[in-house]
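These notes are about the structure you will find just below.
Residue indices begin at 1 and follow the sequence shown.
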Amino acid sequence: MVGNRRAGGGSQGPLSRRTFLKGAGASAFALGSVAVLPLFGTPSAMQDPRTCKAADVSARAKDLIVSNWPAYIDPPEKDYVSTLQLFEKQTGITVDYTDDVSDNAEFFAKVRNQLGDCQAIDRDIMVLTDWMAARVIDLGWVQPLERSRVQNLHDNLIPALRDRAWDPDRTYSAPWQSGLTGIAYNAKLTKEVGSFEALLTRPDLKGKVTLLSEMRDTMAFVIKVTGGDPDDFTEDQWQDGLDYLRKVVRGGHVRAFTGNEYIQDLTAGNIVACEAWSGDVIQAQFENPDIKFVVPEEGLNLWSDNMLVPNKAQHQENAESWIDFYYDPRNAAQLAAWVNYICPVEGAREEMEKIDDSLVDNRLIFPTEEELKDTFDFMALDERQNQQYEGEWSDVTGG
């Protein structure tokens, strides 16, 4: 994603978290399909977090090691105290913060041998997207959070994120930031594109649209278009969606499947409409107000990147202090003012009025409950499904 990064209203460089997630393109996809998937379902890789854990030394060691995505936290600047600095000051905990999660599958490959063998990965928090968070929880690689120490999470998490099939009570995970997948278009070049079906079928758009190279983002909408429920679909519904997309691709309607480089193509006029992430659009609009984000008639795909405490973490109580800190609405608002993704914390919108009132009414940062009512996710896949679906997706997209 490109555009401004804001800290207290100041502009930052064009780097962002989702750029790294999608910028790896085909190489990251291949890693996920070949190097990672065979591990899932392997009994020897499964662990029991009740027994695969380390003694917590938080009481005597005020340290915390965090792995997150690049450009996903407000940096310190002259005359600006970042949220990380505030956390250290308030808690006395020293944070070793690293932005070394540049791709879900790549990060998984980096830690899978240790976690699969009940060994430490020298991290107290790792941040992974929903589908990968579901996998590591299912493998037993994540420690449950002590509810009493993350009370802000349970009190202030927005309702739309409270119920996830893979962690319904948020026993293991806490959303760091969330985003929406929908449609973007260049109003200077085309009229509004109101549905995903129109994006895939409108004659005037032929050859001028892109879809996301992330299978779950795109196929969630395609399954919707063909009458299925992306949260709970059958094998037949998957195949119906895949057949539909195959016809669209063969007909030359889709220019390309891309990472978030689509936003540059949309701004430059190389395409006129596309599947898009909300955070990309917010940042593009700072430079080009003709870029518009649309809530498709099919609804919106809501996703999160989640904080998780891996097995053998030695500073779990310190990690829970970190989670509780960022679920304080004031701290969450300060972070959201820079990150520009959906803030998962209730009460942060009111706090944003004191920080940057230009963002208070931005529905891509603070959507209403009504706007989030019709959001959907992509159902968790087992090992067999994941390997099959990724392969079939690659055949259709050329990934």
Side-chain angles (χ1 to χ4, degrees), residues 1 15-42 45 47 65-73 96-117 119-142 166 172-173 175-179 181 212-219 257-262 277 279-280 303-313 339 341 378 380-381 383 385-387 389-391 393-394 397-399:
M1 142 193 346
L15 197 58
S16 79
R17 162 253 182 280
R18 211 66 177 173
T19 302
F20 283 81
L21 173 60
K22 302 303 172 183
S27 62
F29 178 86
L31 179 62
S33 299
V34 179
V36 174
L37 293 178
L39 180 60
F40 292 107
T42 302
Q47 296 297 333
I65 305 171
V66 179
S67 280
N68 205 346
W69 298 81
Y72 220 13
I73 195 169
D96 180 356
Y97 183 95
T98 307
D99 55 359
D100 62 342
V101 186
S102 57
D103 177 85
N104 283 288
E106 183 179 89
F107 185 82
F108 182 93
K110 183 161 52 177
V111 301
R112 61 177 181 168
N113 290 338
Q114 296 99 310
L115 290 176
D117 197 33
Q119 296 179 20
I121 60 168
D122 298 322
R123 294 169 176 84
D124 302 304
I125 289 179
M126 55 186 182
V127 181
L128 300 175
T129 308
D130 288 334
W131 63 275
M132 185 59 81
R135 288 182 171 180
V136 295
I137 290 172
D138 185 59
L139 283 165
W141 293 358
V142 178
W166 45 271
Y172 297 93
S173 63
W176 173 254
Q177 296 290 284
S178 296
T181 307
L212 294 171
S213 56
E214 170 57 49
M215 180 264 284
R216 289 162 179 80
D217 284 278
T218 298
M219 285 304 297
F257 291 85
T258 75
N260 69 334
E261 62 268 24
Y262 66 81
W277 290 302
D280 285 352
W303 51 265
S304 298
D305 294 317
N306 304 275
M307 294 178 278
L308 307 158
V309 177
N311 289 349
K312 292 290 186 172
V339 175
Y341 275 94
F378 193 89
L381 304 178
E383 155 63 9
Q385 289 172 319
N386 201 83
Q387 199 161 8
Y389 292 175
E390 290 279 18
W393 164 257
S394 183
T397 65

* Asked: What residues form a side-chain hydrogen bond (donor to acceptor under 3.5 Å, both in side chains) with Tyr389, not counting sequence neighbours?
  -> Glu235
* For Gln119, does its backbone N or O pair with a side-chain atom of Asp117 as donor and acceptor, under 3.5 Å? -> no
* Closest non-hydrogen atom pair between Tyr262 and Leu212, with its separation -> CE2-CD2, 3.7 Å
* Nearest 0.5 Å, what's the CD-CH2 distance between Glu214 and Trp393? -> 8.0 Å
* To do: Take the angle between the ring planes of Trp141 and Phe108 and call it parallel below 30°, perpendicular above 60°, tilted in between.
  => parallel
* Structure fact -> Per side-chain contact (heavy atoms from CB on, under 4.5 Å), Met307 is matched among Asn68, Asp124, Ile125 by Ile125
* Given side chains that start at C-beta, do those of Pro310 and Val111 come closer than 4.5 Å, heavy atoms only? -> no
* Structure fact -> For Gln47 and Leu115 the tightest heavy-atom approach is CG-O, 3.5 Å
* Asked: Any idea which heavy atoms bring Lys110 and Gln114 closest together, and the distance?
  -> O-OE1, 3.5 Å
* Asked: Is it true that a side-chain atom of Asn104 and a backbone atom of Met132 form a donor plus acceptor pair closer than 3.5 Å?
  -> no
* Asked: So which heavy atom on Trp303 is nearest to which on Asp217, and how close?
  -> CD1-OD1, 4.3 Å
* With a 4.5 Å limit on heavy-atom distance, are the side chains of Val136 and Leu308 in contact? -> yes
* Just how far is it from atom CG of Leu128 to atom OG of Ser173, taken to the nearest 0.5 Å? -> 10.5 Å
* Those residues that, when tested against Asp96, pass side-chain contact (heavy atoms from CB on, under 4.5 Å) (two or more places apart) -> Ile65, Thr98
* Are side-chain heavy atoms of Thr218 and Phe378 found at a separation under 4.5 Å? -> no
* Asked: Below 4.5 Å, heavy atoms only, C-beta onward: do Arg123 and Lys312 meet side chain to side chain?
  -> no
* In Å and rounded to the nearest 0.5 Å, what is the CE to CG distance from Met126 to Asn306? -> 10.5 Å
* Hey, could you give me the CG/CG distance between Asp138 and Leu381, rounded to the nearest 0.5 Å? => 11.5 Å
* Which heavy-atom pair separates Trp277 from Gly259 by the least distance, and what is that distance? -> CZ3-C, 4.5 Å
* Just checking, is any N or O donor in the side chain of Asp99 or Tyr72 under 3.5 Å from an acceptor N or O on the other one? -> no
* **Heavy-atom side-chain contact between Phe107 and Val127 under 4.5 Å** => no
* Looking only at non-hydrogen atoms, find the nearest pair between Pro70 and Val101 and report the distance. => CD-O, 3.4 Å
